[in-house]
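Scroll down for the structure; my scribbles are underneath it.
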Amino acid sequence: MCGFVGYVNQEDVPEETINHMADRIKHRGPDDEAYFADGKAAMGFRRLSIIDLAHGKQPMFNEDETKVLTFNGEIYNYQEIRKELQDMGYHFRTDVDSEVLIHGYQAWGADLLQKLRGMFAFVIYDSKTQEVFGARDHFGIKPLYYYDDGDTFMWGSEIKSFLEHPNFKKELNLSLLPIHLSFEFIPSSETMFKNVFKVLPGQYFLHKDGKTETHHYYKFNYDHIDETQTVEEDADKIEKLVDNSVKAHMIADVEVGSFLSSGIDSSYVLNEASKLKPIQSFSIGFKNSKYSELSWSTEFAKEIGQKNTEIYMNGDDYFDILPTMMYYMDEPLSNPSAIQLYYLTKRTSESVKVALSGEGADEFFGGYNTYLEAIPFERYQKMVPKPIRKVLGAVAGKMPRFHGKRFLVRGAQPLSERYYRVNYVFNYDDRNKVLKDPSLNRDSGAYTQHIFDDVAGKDEMTQMQYFDINTWLPFDILHKADRMSMANSLEVRTPLVDKEVAAFAATMPVNTRITPDETKISLRTAAERQLPKKTALKEKMGFPSPIASWINDPKYHERIVKTFHSDTAEKFFNTAELDRLLDEHANGKSNMQKIFTIYTFILWYQVYFPEDTSEKTIDLVHRTQV
């Protein structure tokens, strides 16, 4: 596990630049550092040692030292690939998975990616051809960015490393502000920095002769759903898959721990891991039991004979860390649970270097309650012809509020506009009100229409899951998991976000994923065979926090009001509308997500563009002291 950086064709760049870039992401790899430069390219590496601690230094070379690798992640089937390469005549000097990548790329080129099972981002520079090849894992567990303005090309695990390059032009991608206000993240390869791009999940890039091409080597799909499968049959397969995946994810030469909430996903993962060896779990919560899962998680850990460490946080912890959190995020992300995750990983990293987590189960197995919406809407669509639904929706939209109005309005919309993740925070009209320049506003449904087009012939629940797997999972759930854990030099592994698990999940019919009464029914059935029934059947809490009430607490309310009247707020937002959102929230209407999204965007801007504002949040150069 590590962080890496690099750039090409910059002969005028000071040689210490690569060191400074790597120092920016020292948190990703505090154990070791190393560099490569040949006058045409420079590469930097920071290592968090997990496997073969004495070896595996990077940048790593092939046998004739014409190819150079930097790699972040874990390849869980590397031993199988290693054997295949040895049979082909390749010689190995270490027992690390990194060496499999450098030899595998030499043997198979981009086809290597079809063989890999794991979480990874890596870049290989070919000094003969001066090509740069970079790839990211199937689901976006590990990050990879590149900057390409036509003159300068660089890459890295985190955007912040680019700040140290003298030719990096730091510019806000203002056109994406309304997209961020809609989704709370940017659901595409674009970022909030101009000319900085994400390598998407299942994608690789090739940079040569000043040009960058991107290609998909993998894309999750529902092309092979088996309608004959039953819940019991699917549960049988899930049991075997989870057992196999957890075993693969436990491979390490350091102690492995596990996160634990009160829910089924992390409980199932912990239970499987505990069959292999004793494993310490870690849970976070609040003194107020209304928002805390600690009693549930600790009780479960005791039932299976494992030690659980309880971690508490309060409002001061929450608000004090927000600027630092936005620094580590690279881009603004307004998921309130990220702060809990930061403190959870911070405390966990004091005891272990690796932690298992339960992300992905809801997306792959149908765990979100919102998927239940598909049932009444699909019935409505079958009963009422589309022209009539449109008329009813138009009429209802003009009438005063009445019971059923929202259903009729939404029932006239296609799923690509109706699905709540599309206008998750602010809808189009609300963005018009809150933006200082409403002409910036964009149609968020049109921005992600292509994702729904991929599954246009499928049922609505399948379309929702597909959308979440391609947006919510990589750009929110996995993004915050990587950033918050690596900020604390902790490797997080996600056994349920796995190539083999996903391959099976893609075959499951709707009725083994969800029923009108129960979500992720097959996963629960499998878990119930392994876990106490009350744990297997417990409703999802998510990652709850008291932030909605904290916003009204005078101590924190004052901070938010001050921020909402800052230079940055005046630059981008209608501050009178921000005041209205706060007033409504104080009077009982929940505007928590809207307030938090605006608040965190302002903090992010003040951190990354301090030259544009009089407010000071944290010193980027000395942020390691924060």
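Residues take their numbers from the sequence shown, with the count starting at 1.
- In this structure a side-chain-to-backbone donor-acceptor pair under 3.5 Å is present from N488 to M484.
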Evaluation steps, side-chain contact (heavy atoms from CB on, under 4.5 Å), between D482 and L478
CA-CA 6 Å; D482 174 82; L478 296 176; over 6 Å; no
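- Formation of a donor-acceptor pair under 3.5 Å by the H479 side chain with backbone atoms of M329 is found in this model.
- No side-chain heavy atom of Y605 sits under 4.5 Å from any side-chain heavy atom of M326.
- One distance of note links CG of L294 with CZ of F286; it measures 9.0 Å at 0.5 Å rounding.
- Looking only at atom types and distance, the side chain of E74 has no donor-acceptor partner in the side chain of Y76 under 3.5 Å away.
- Between the CG atom in L473 and the CG atom in D362 there is a gap of 10.0 Å [rounded to 0.5 Å].
- In this structure, A481 and E359 approach most closely via the heavy-atom pair CB-OE2, 3.9 Å.
- In this structure, the side chains of H27 and Y328 come closer than 4.5 Å at one or more pairs of heavy atoms.
- Formation of a donor-acceptor pair under 3.5 Å by the D317 side chain with backbone atoms of N314 is found in this model.
- A salt bridge links R559 with D320; the closest basic N to acidic carboxylate O contact falls under 4.0 Å.
- A distance of 9.0 Å separates SG of C2 from NZ of K142, quoted to the nearest 0.5 Å.
- Under the ring pair (Phe, Tyr, Trp, His ring centres under 6.0 Å) rule, W472 has a single partner from Y420, F467, Y424, which is Y424.
- A donor-acceptor contact shorter than 3.5 Å is absent between the side chain of D137 and the backbone of G118.
- Listed by first and then second residue, the salt bridge (charged side-chain N to carboxylate O under 4.0 Å, His left out) pairs that reach into residues 563-578 are E577-R580, sequence neighbours excluded.
- Proximity of I186 to H180: side-chain heavy atoms (C-beta onward) are separated by under 4.5 Å at one or more points.
- Residue E491 holds its CD atom at 8.5 Å from CG of N72, rounded to the nearest 0.5 Å.
- Checked for salt-bridge contact, E299 and K302 miss the test: no charged N lies under 4.0 Å from a carboxylate O.
- For F596, there are no ring-ring contact (aromatic ring centres under 6.0 Å, His included) partners at least two apart in sequence or on another chain.
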Please assess L270 against I279 for the test side-chain contact (heavy atoms from CB on, under 4.5 Å), listing each intermediate value before the final yes or no.
CA-CA 8 Å; L270 173 65; I279 181 168; 3.5 Å; yes
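- Checked for salt-bridge contact, E373 and R410 meet the test: a charged N lies under 4.0 Å from a carboxylate O.
- Both cation-pi conditions hold for K198 and F475: the charged atom is under 6.0 angstrom from the six-membered ring centre and inside a 45 degree cone around its axis.
- Classified by interplanar angle (parallel below 30°, tilted 30° to 60°, perpendicular above 60°), the ring pair Y599/F564 is perpendicular.
- Side-chain contact annotation: D468 with Y419, donor-acceptor N/O pair under 3.5 Å present.
- Note that OG1 of T597 is 9.5 Å distant from CG of N335, once rounded to the nearest 0.5 Å.
- A salt bridge is absent between E584 and K594; no separation between the charged side-chain nitrogens and carboxylate oxygens falls under 4.0 Å.
- In this structure, a donor-acceptor pair under 3.5 Å is present between the side chains of D234 and T512.
- Counting only N and O atoms by type, the side chains of T309 and Q280 include a donor and acceptor under 3.5 Å apart.
- Separation of the Y318 and Y556 ring centroids does not fall under the 6.0 Å cut-off.
- Nearest approach of A361 to L523, heavy atoms of both residues: CB-CD2, 3.8 Å.
- With sequence neighbours excluded, no residue satisfies salt bridge (Lys or Arg N to Asp or Glu O under 4.0 Å) with K436.
- Both the sub-6.0 Å distance and the 45° axial angle are not jointly satisfied by R513 relative to the ring of Y371.
- Proximity of a side-chain donor or acceptor of S566 to a complementary backbone N or O of A569 within less than 3.5 Å is detected.
- Atoms CD and CD1, on E190 and I179 in that order, are 8.5 Å from each other to the nearest 0.5 Å.
- Taking the six-membered ring where the residue is Trp, F572 and F601 present perpendicular rings, their angle passing 60° and hence far from 30°.
- For the pair R421 and Y368, the cation-pi test (distance below 6.0 Å, angle within 45°) is passed.
- K353 pairs in a side-chain hydrogen bond (donor to acceptor under 3.5 Å, both in side chains) with only one of the listed residues (D31, T348, D253), which is D31.
- Contacts of D243 classified as salt bridge (Lys or Arg N to Asp or Glu O under 4.0 Å), with partners at least two apart in sequence or in another chain: K247.
- Contact of the P516 side chain with the L372 side chain is not registered, since no non-hydrogen atoms from C-beta on lie closer than 4.5 Å.
- Under the rule for a salt bridge (Lys or Arg N to Asp or Glu O under 4.0 Å), K277 has no partner lying at least two apart in sequence or in another chain.
- Closest of all the heavy-atom pairs between I311 and R347 is CD1-CB, 3.4 Å.
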Under the side-chain contact (heavy atoms from CB on, under 4.5 Å) rule, what do K555 and D316 come out as? Steps first, then yes or no, please.
CA-CA 9 Å; K555 183 196 295 189; D316 286 351; 3.1 Å; yes
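- R431 pairs by the salt bridge (Lys or Arg N to Asp or Glu O under 4.0 Å) definition with nothing, not counting sequence neighbours.
- Between E158 and R24, every side-chain heavy-atom pair lies at or beyond the 4.5 Å cut-off.
- Looking at every heavy atom in both residues, V269 comes nearest to S357 through CG2-O, 4.3 Å.
- Atom CD of E558 has 12 or fewer heavy atoms from other residues, nucleotides or ligands within 6.0 Å.
- A side-chain donor-acceptor contact under 3.5 Å links S261 and S266.
- For K307, the NZ atom counts as loosely surrounded, since its 6.0 Å shell holds 12 or fewer non-hydrogen atoms of other residues, nucleotides or ligands.
- T515 and D517 are not linked by any side-chain donor-acceptor pair at a separation below 3.5 angstrom, with hydrogens and angles left out of the test.
- Using a 30° and 60° split on the angle between ring planes, W604 and F193 fall in the perpendicular class, above 60°.
- Annotation: Y343 is not in aromatic contact with Y312 [ring centroid separation under 6.0 Å not met].
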Determine, stepwise, if the pair M325 / L333 fulfils side-chain contact (heavy atoms from CB on, under 4.5 Å).
CA-CA 10 Å; M325 187 202 83; L333 179 67; over 6 Å; no
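- Across all non-hydrogen atoms, the minimal contact from H138 to P201 is O-CB, 3.4 Å.
- Taking all atoms of both residues into account, the shortest heavy-atom contact from T191 to V196 is OG1-O, 2.9 Å.
- Side-chain contact check for E417 versus V422: every heavy-atom pair is 4.5 Å or farther apart.
- Two residues are said to be in side-chain contact when any heavy atoms from C-beta on lie closer than 4.5 Å; I602 and I598 meet this criterion.
- Within the 4.5 Å cutoff, the side chain of Y608 has heavy atoms near those of the D330 side chain.
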